[in-house]
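In what follows, a structure is listed as structure tokens, so that the remarks can point back to it.
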2 protein chains.
Amino acid sequence: MSRLAKTDADMVRVHNRLAVLDHLRGVGTTTRKAVSAATGLSVSASSAISGTLVRCGLMEEVEEDDRSIRRGRPGKSLAICGRAARVAALKIAVGEVSGRISDYSGRPLAELRRGVDISGRDGDFIVDLLADLARDLAQRLEEEPRALDKVVVAVQGKTFSDLSGIVWSPALKHRHIEIAAPLSARLGAEVSVLNDCSLMPEAFRWRPDFAGLDFATLFVGFGVGMGLRLNGATFQGKHSSAVEFGHINHMPGGALCRCGNRGCVEAYASDYAIWRSATGNGDIPAHRIGDEAMQRLADAARAGDPAVRAAFEAAGNAIGYGLGRVFTMIDPLPIVMTGSGAQAIDLLEASIRQGIRESAVDGLGSDTPLILQEDTDALVFDAGTAYALAALDQEFARSAAEATEAA
Amino acid sequence: MSRLAKTDADMVRVHNRLAVLDHLRGVGTTTRKAVSAATGLSVSASSAISGTLVRCGLMEEVEEDDRSIRRGRPGKSLAICGRAARVAALKIAVGEVSGRISDYSGRPLAELRRGVDISGRDGDFIVDLLADLARDLAQRLEEEPRALDKVVVAVQGKTFSDLSGIVWSPALKHRHIEIAAPLSARLGAEVSVLNDCSLMPEAFRWRPDFAGLDFATLFVGFGVGMGLRLNGATFQGKHSSAVEFGHINHMPGGALCRCGNRGCVEAYASDYAIWRSATGNGDIPAHRIGDEAMQRLADAARAGDPAVRAAFEAAGNAIGYGLGRVFTMIDPLPIVMTGSGAQAIDLLEASIRQGIRESAVDGLGSDTPLILQEDTDALVFDAGTAYALAALDQEFARSAAEATEAA
DNA sequence: CCATTTTTTACGAGGCTTGGAAAAAGTCTC
DNA sequence: GAGACTTTTTCCAAGCCTCGTAAAAAATGG
């Protein structure tokens with residue numbers, strides 16, 4: 001079998017419609033002329049495609065008053081039509097589930113957070129919980145209720161590479177939990193289950209300041225995880241959710257990690273690692289170290305407590321070495337950092353950069369930009385929403401049932 | 001600016017021609033019908049495209065006698081036309097340059113190896129040397145001399161990401177050496193300069209047993225390097241030649257590496273590392289450890305010398321941890337191994353697998369296939385040739401100046 | 001109120017693939 | 001050995017895109 005598939009007029013149509021939608025998501029509003037300029041399509045083609053998408057209800061012509069006064073016929077502003085679809089980004093974490101519903105334009109419509117002890121529960125319970133969450137989210141909307149078109153579930157832990165469920169999660173005792181199929185049956189929408197950290201780069205998919213940029217997202221908190229955006233695509237492993245940055249070995253034979261191995265980055269840099277190192281307690285704590293506890297630790301370090309300072313330093317060192325290893329393999333990348341580690345960046349940054357310097361060839365990447373993103377939940381919701389919308393764009397570009405109804 | 005470019009009929013044509021060529025390279029010979037089946041094109045389109053490519057001189061109809069006797073009109077066999085182009089794969093290594101010329105079908109026409117002390121020489125000398133090598137190669141051909149169409153230079157060391165030259169190489173004292181432009185002027189063909197290890201996966205580009213497979217190539221010898229094939233593409237860094245596997249840190253604060261850092265994989269697993277560890281000499285040897293010396297070391301280990309055995313074990317351990325780290329980040333991958341390490345695989349394999357087991361989550365990948373490829377030079381030549389041919393296929397598919405002359 | 005400028009739409013042309021029909025080139029059977 | 005059968009290849013009209021140009025539309029400026 002050939003690796004290269006054929007192309008035909010259908011593909012061209014789909015691809016170009018997608019290009020128009022993608023451009024529109026990046027800039028918010030455009031005109032037919034601007035679409036032509038941005039995509040390289042002729043104005044004729046741009047106009048024709050835009051017209052079709054408007055008739056399909058994916059885009060709409062909007063009034064814009066801030067238009068600068070110029071001569072000539074003013075362009076009709078076009079924008080994504082929010083009513084075209086509704087998506088949900090759900091999140092499963094230790095001790096809580098949360099979610100956000102957004103419209104097709106990406107505008108958040110409602111958000112909900114619910115603390116539940118899910119540790120010992122099975123798949124049915126989780127699916128019920130998520131379905132209830134989605135229903136309650138829908139009830140919060142001012143607008144009329146309507147079915148969801150696409151749901152993304154972000155999970156702490158390892159997920160199946162076919163996006164169907166959870167291999168293993170620190171939030172759950174059970175393993176191998178199917179989520180996508182049963183939840184899809186309950187909600188009537190396609191469901192994709194992904195690792196939260198791998199998903200994070202999606203949040204920047206249409207951010208103009210990140211356009212075409214390769215970068216990594218780094219979560220340091222309860223665990224340690226990474227997401228990669230390379231060559232304009234969010235990296236996804238074939239066999240699992242991949243980029244298990246927290247379990248890249250830092251020190252052969254080193255500190256014990258939750259995963260059973262010794263010397264993982266997580267065993268030095270995660271909340272529990274910093275806590276046990278700072279308190280001199282060698283065991284992995286049975287329960288999650290809360291955000292407040294980490295704040296207190298950070299404050300103690302800032303106050304000068306040498307043991308706590310050393311713990312944060314060791315954490316930064318492990319992260320730095322891990323980044324240095326990634327940079328050596330891939331390339332130096334800008335880092336978007338989130339989680340409790342982002343809140344303690346003042347305690348970590350120096351040793352992170354020192355670690356990169358010691359482990360990367362020529363210390364390359366030790367001066368890489370470190371972008372802080374304190375609100376992890378917002379990041380995950382943004383990412384899940386973007387992922388869902390991108391998937392819908394693809395579907396819509398493919399189907400595009402040439403407007404059944406005309407306004 | 002939009003990330004997605006437009007598509008049009010031109011793109012379709014180029015893409016489909018490329019699909020036909022790519023299929024043909026994978027199978028050697030086909031028929032128009034088989035092309036249709038493999039690419040998904042209609043038989044009409046397949047026939048039309050094949051006809052064009054034959055008229056352009058890229059493909060030719062060949063007589064095949066081993067055809068199985070079936071009813072119906074027999075298909076006309078098609079094959080890549082070797083005369084359509086001529087490419088060279090050159091190699092710069094410590095103390096020698098070598099090269100191979102092949103025709104458009106990938107058939108090797110001539111090979112040449114030349115020992116030269118290039119260590120202290122500058123760019124002009126290197127370019128002269130390569131140009132002479134290419135000229136001498138051309139003179140060895142039975143067929144009439146003709147210009148090269150594409151040249152690939154594989155280099156030990158780091159190369160510019162625009163493929164224009166050498167940032168740094170262990171074979172050369174000088175740094176930042178421009179190769180592509182001056183050599184191109186001399187040879188009249190486009191020249192691309194790449195890192196030898198990064199290039200290696202290209203050797204399997206059209207191998208049916210590797211079709212669509214993700215895998216890594218691992219060179220263990222004078223240095224330690226890796227090539228990655230992910231999602232059907234050979235991984236290339238943006239900033240450099242990338243995947244510096246040998247310089248992924250293995251042990252913080254560990255053994256001194258040539259790169260100046262401490263604890264790199266190379267500082268444990270390369271020839272010089274094994275040598276200094278086995279001999280108890282702490283310094284990095286000034287000169288390259290020859291293949292014979294490594295053979296003697298390996299034989300000593302096989303004979304039971306404990307210090308030498310320990311050196312090989314430490315090497316395998318470092319490689320295993322390195323692979324475990326890569327597997328944790330990307331995914332477990334089959335490994336194609338070459339270099340002196342492949343020759344000593346009996347001494348390394350156990351500790352490699354042990355290292356993976358200790359460093360990858362759940363030991364995933366410790367049972368990954370290890371494919372040995374003893375002839376490194378052949379691998380590099382294959383890779384360079386495949387790279388060059390793939391580049392030519394792209395050009396030809398684009399231009400395809402609809403046959404000026406007809407048979 | 002008309003000329004000017006800019007955006008959008010309309011229309012014919014060109015290119016590529018498609019599907020079916022016709023032609024070509026063998027094997028098989030009587 | 002001639003005709004029937006089968007399979008591959010070629011030919012041709014049709015369909016879908018996009019493109020370029022021209023015309024229409026919508027606002028400004030004098």
Side-chain angles (χ1 to χ4, degrees), chain A residues 4-20 29-55 59-78 397-402, chain B residues 4-20 29-55 59-78 397-402:
Chain A
L4 257 56
K6 63 154 186 181
T7 315
D8 56 14
D10 285 338
M11 290 259 198
V12 171
R13 185 187 59 239
V14 170
H15 183 97
N16 285 343
R17 282 184 185 171
L18 205 49
V20 172
T29 70
T30 27
T31 64
R32 290 158 171 82
K33 188 83 189 302
V35 169
S36 161
T39 59
L41 289 162
S42 67
V43 283
S44 333
S46 157
S47 182
I49 293 171
S50 302
T52 306
L53 293 178
V54 168
R55 274 195 307 281
M59 290 165 33
E60 60 188 348
E61 302 189 338
V62 296
E63 297 305 320
E64 218 182 353
D65 24 46
D66 64 17
R67 100 174 32 123
S68 56
I69 299 130
R70 286 169 329 214
R71 304 190 55 162
R73 175 175 173 173
K76 251 181 222 146
S77 290
L78 298 167
R398 225 181 296 279
S399 61
E402 192 63 46
Chain B
L4 256 55
K6 63 152 186 181
T7 314
D8 57 13
D10 284 339
M11 291 260 199
V12 171
R13 184 188 59 238
V14 170
H15 183 97
N16 285 343
R17 283 184 183 171
L18 206 49
V20 172
T29 71
T30 28
T31 65
R32 291 158 169 83
K33 188 83 189 300
V35 168
S36 161
T39 58
L41 289 161
S42 68
V43 282
S44 331
S46 157
S47 183
I49 294 170
S50 302
T52 305
L53 294 178
V54 169
R55 274 195 305 283
M59 289 165 32
E60 59 188 347
E61 303 189 339
V62 295
E63 297 305 320
E64 218 183 350
D65 24 47
D66 63 19
R67 104 177 23 128
S68 56
I69 301 134
R70 284 169 332 213
R71 306 187 54 159
R73 173 175 175 174
K76 252 181 221 147
S77 290
L78 298 166
R398 225 181 297 278
S399 61
E402 191 65 44

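Below, chain A is the first sequence line, B the second, and so on; all start at residue 1.
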query = Do any pairs count as a salt bridge (Lys or Arg N to Asp or Glu O under 4.0 Å) and have a residue in residues 38-49 of chain B, sequence neighbours left out, and if so which ones?
reply = none

message = Tell me whether Thr39(A) contacts the main-chain N or O of Val35(A) through its side chain, where contact means a donor paired with an acceptor under 3.5 Å.
response = yes

message = For dC19(D) and Lys6(B) - does any side-chain N or O of the residue sit under 4.0 Å from the phosphate oxygens OP1/OP2?
response = yes

task = Name the residue closer to the 5' end of DNA chain D, choosing between Gly72(B) and Arg32(B) according to the nucleotide with the nearest heavy atom.
result = Gly72(B)

Heavy-atom side-chain contact between Val12(B) and Met11(A) under 4.5 Å = no

query = Heavy atom of residues 43-51 of chain A under 4.0 Å from DNA chain C: which residues?
reply = Ser44(A), Ser47(A)

message = So, under a plain 3.5 Å distance rule, would you say the side chain of Arg71(A) forms a donor-acceptor pair with the base of dT4(C)?
response = yes

Side chain of Lys33(B) (C-beta onward), nearest among dT8(D), dC17(D), dT8(C) = dT8(D)

task = Tell me which of Leu41(B) and Thr31(A) sits closer to the 5' end of DNA chain C, going by the nucleotide each one is nearest to.
result = Thr31(A)

inquiry  = Closest approach to the side chain of Ala9(A), judged atom by atom: which nucleotide of dC16(D), dT18(C), dA27(D) is it?
reply    = dC16(D)

ask   = Taking C-beta and beyond as the side chain, do Arg32(B) and Leu78(B) meet within less than 4.5 Å on heavy atoms?
value = yes

query = When the distance from CG of Asp10(B) to C1' of dG20(D) is rounded to whole Å, what number comes out?
reply = 14 Å

Whole-Å gap separating C1' (dC17(D)) and CG (Leu18(A)) = 16 Å

ask   = How many Å lie between CZ on Arg13(B) and P on dT18(D), as a whole number?
value = 16 Å

query = Atom CE of Met11(B) to atom P of dT17(C): distance rounded to whole Å?
reply = 15 Å

ask   = At under 4.0 Å, does any side-chain N or O of Arg73(A) touch on OP1 or OP2 of dA24(D)?
value = no

message = Side chain of Pro74(A) only, heavy atoms from C-beta on: which candidate in dC16(C), dT17(C), dA27(D) is closest?
response = dA27(D)

request  = Applying salt bridge (Lys or Arg N to Asp or Glu O under 4.0 Å), name anything that partners Lys6(B), two or more places apart in sequence or on another chain.
outcome  = Asp8(B)

key: Heavy-atom check, side chain of Leu41(A) versus side chain of Asn16(A), under 4.5 Å   = yes

message = Nearest whole Å is fine: how far is dC16(D) C1' from Arg17(A) CZ?
response = 11 Å

note = Closest of dC19(D), dT10(D), dT18(D) to the Asn16(A) side chain is dT18(D)

query = Which residue lies toward the 5' end of DNA chain C, Lys76(A) or Asp8(A), if each is placed at its nearest nucleotide?
reply = Lys76(A)

task = Report yes if the side chains of Glu61(B) and Ser77(B) come closer than 4.5 Å at any heavy-atom pair, otherwise no.
result = no

